[in-house]
Protein chains: 2
Amino acid sequence: MNNTHFTIALHILVRIALVAEKNKVITSKEIATSVNTNPVFIRRILSSLEKSNLVVVQYGTGSGWKLAQTPDNITLSDVYQAIKQKPIFDLHHSIPNQNCPIGKGIQPVLKYYYSDVEKALHSKLAKTTVADLLGETLSSQELHS
Amino acid sequence: MNNTHFTIALHILVRIALVAEKNKVITSKEIATSVNTNPVFIRRILSSLEKSNLVVVQYGTGSGWKLAQTPDNITLSDVYQAIKQKPIFDLHHSIPNQNCPIGKGIQPVLKYYYSDVEKALHSKLAKTTVADLLGETLSSQELHS
DNA sequence: ACTGGATGAAACTATATTAGTTACAGAGGG
DNA sequence: CCCTCTGTAACTAATATAGTTTCATCCAGT
């Protein structure tokens, strides 16, 4: 995962949640217009979200995307899990020197520690839902009008 | 920051902490041998660590690097802060559609939320020090001998 | 069946990022 | 003054990212 993907995924889900209030679906092209990018990029991320059962696609006439769960049931931890491809911190690209006590021993230590950090991150992300973001986004608009 | 930089920075600091126990310093070339990379790459990261007062360089004969603070005083939050160049999550690369209520409102919401997530990450990272990592790395070696 | 709008996926490009490499001026203890 | 190492710039190769084009596939409605 690149770190913008999470932002795009959240934008997509909040955008779908908005039309879901009217029991409507939305196409990747329409979402792309909102995000200001191209539909294929949106579809690639939608594909990841679909595999994690966060969104569902409808084919045929009146086709488009809808949420697979209610917005208050989708946490940002779910979203992060769905689109993450890389861990938050990577280990060395090339294997460290095994003749050095640090080079030999540090990777397992860091690997364990990083997974611990990711758990803490997930705990934090789990406290917020797509419904929360939609609410905050809309209410911040009202203040300006 | 790329996500391997944090790993390399920790490797560097733990490696320096190891020789610091013997009141010695270590050169970027020696560190590069341990990390299994080139000295310039190491120096670039050392440069960031130096700016945050985590390491100090000695010139002249017997030159090399040492810690600017005791290892139990350097938390991983300090290290992360020193080398991070990008936030953990980026916003959109191109500005979203301002005619869409979501496109218009989501960036400030996410910006605030992301800084909140970073604070949680720092709290987690602050609980571990370079001394902790050094201890774990060495004790994991003993188990294998 | 057929149509039409949308998806899924592959292929390709342009740009940005990352790590590696070379080179050389500058620092400073002996 | 010497010697070793640092600081930094410049360049390259490899990889990652987002954008674009293309086309087969899907399926509700007619």
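In what follows, chains carry the letters A, B, and so on, assigned in the order in which the sequence lines appear, proteins first and then strands, with residues in each chain numbered from 1.
- Of the two residues contacting DNA chain D, namely T61(B) and T61(A), the nearest-nucleotide position lying further toward the 5' end is that of T61(B).
- At its two ends the helix from dA1(C)-dT30(D) to dG30(C)-dC1(D) runs along axes set 30° apart, each axis drawn from five pairs and the angle rounded to 10°.
- Atom-to-atom, CG of N3(B) to P of dA16(D) comes out at 11 Å; the value is rounded to the nearest Å.
- Closest non-hydrogen pair, S140(B) versus V109(A), comes out as OG-CG2, 4.4 Å.
- Proximity of the aromatic rings of F6(B) and H11(B) is defined here by a centroid distance below 6.0 angstrom, and this criterion is not met.
- The shortest distance between the side-chain N/O atoms of W65(A) and the OP1/OP2 oxygens of dA6(C) is not below 4.0 Å.
- Taking atom CD on E50(B) and atom C1' on dT6(D), their separation rounds to 9 Å, with Å as the unit.
- Atom CD1 in I31(B) sits roughly 12 Å away from atom C1' in dT6(D) (whole-Å rounding).
- What separates CZ of R44(B) from C1' of dT18(C) is a distance of 9 Å, to the nearest Å.
- The listed nucleotides are dC5(D), dA9(C), dT22(C); the one nearest the side chain of V40(B) is dT22(C).
- Between S28(B) and dT6(D) there is a side-chain polar atom (N or O) within less than 4.0 angstrom of OP1 or OP2.
- Side-chain nitrogen and oxygen atoms of T37(B) include at least one within less than 4.0 Å of the OP1 or OP2 phosphate oxygen of dG20(C).
- Contact between V25(A) and G62(A) at its shortest, heavy atoms only, is CG2-O, 3.6 Å.
- Comparing dT17(D), dA9(C), dG7(D) against the side chain of R43(A) picks out dA9(C) as the nearest.
- Computed from coordinates, the F41(B) CZ to dG7(D) C1' distance equals 16 Å when rounded to whole Å.
- Here the side chain of N38(A) is nearest to one of dT7(C), dG19(D), dG20(C), namely dG19(D).
- Between the side chains of T129(B) and D132(B), at least one donor-acceptor pair of N or O atoms lies under 3.5 Å.
- Atom NZ of K29(A) is separated from atom P of dG19(D) by 16 Å (rounded to the nearest Å).
- For the pair T4(B) and dA19(C), the criterion of a side-chain N or O lying under 4.0 Å from OP1 or OP2 is met.
- With rounding to whole Å, H93(A) atom NE2 is found 11 Å from dA14(D) atom C1'.
- Donor-acceptor pairing under 3.5 Å is recorded for the side chains of T7(B) and Y114(A).
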Y80(A) and H5(A): CA distance, side-chain angles, deciding distance, ring pair (Phe, Tyr, Trp, His ring centres under 6.0 Å) verdict: CA-CA 9 Å; Y80(A) 181 72; H5(A) 283 38; over 10 Å; no
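- The 5' end of DNA chain D is approached more closely, in terms of each residue's nearest nucleotide, by P39(B) than by the other of G60(A) and P39(B).
- Residue Y59(A) places no side-chain N or O under 4.0 Å from the OP1 or OP2 atom of dG4(C).
- Judged as a salt bridge (Lys or Arg N to Asp or Glu O under 4.0 Å), the pairs with a partner in residues 120-130 of chain B (not counting sequence neighbours) are, in order, D116(A)-K124(B).
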Side chain to side chain donor-acceptor pair (under 3.5 Å) assessment of E30(A) paired with T27(A): CA-CA 5 Å; E30(A) 291 172 306; T27(A) 66; 3.3 Å; yes
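- Rounded to whole angstrom, the span from the CG atom of L91(A) across to the P atom of dA19(C) amounts to 13 Å.
- OP1 or OP2 of dA19(C) has at least one side-chain nitrogen or oxygen of H5(B) nearer than 4.0 Å.
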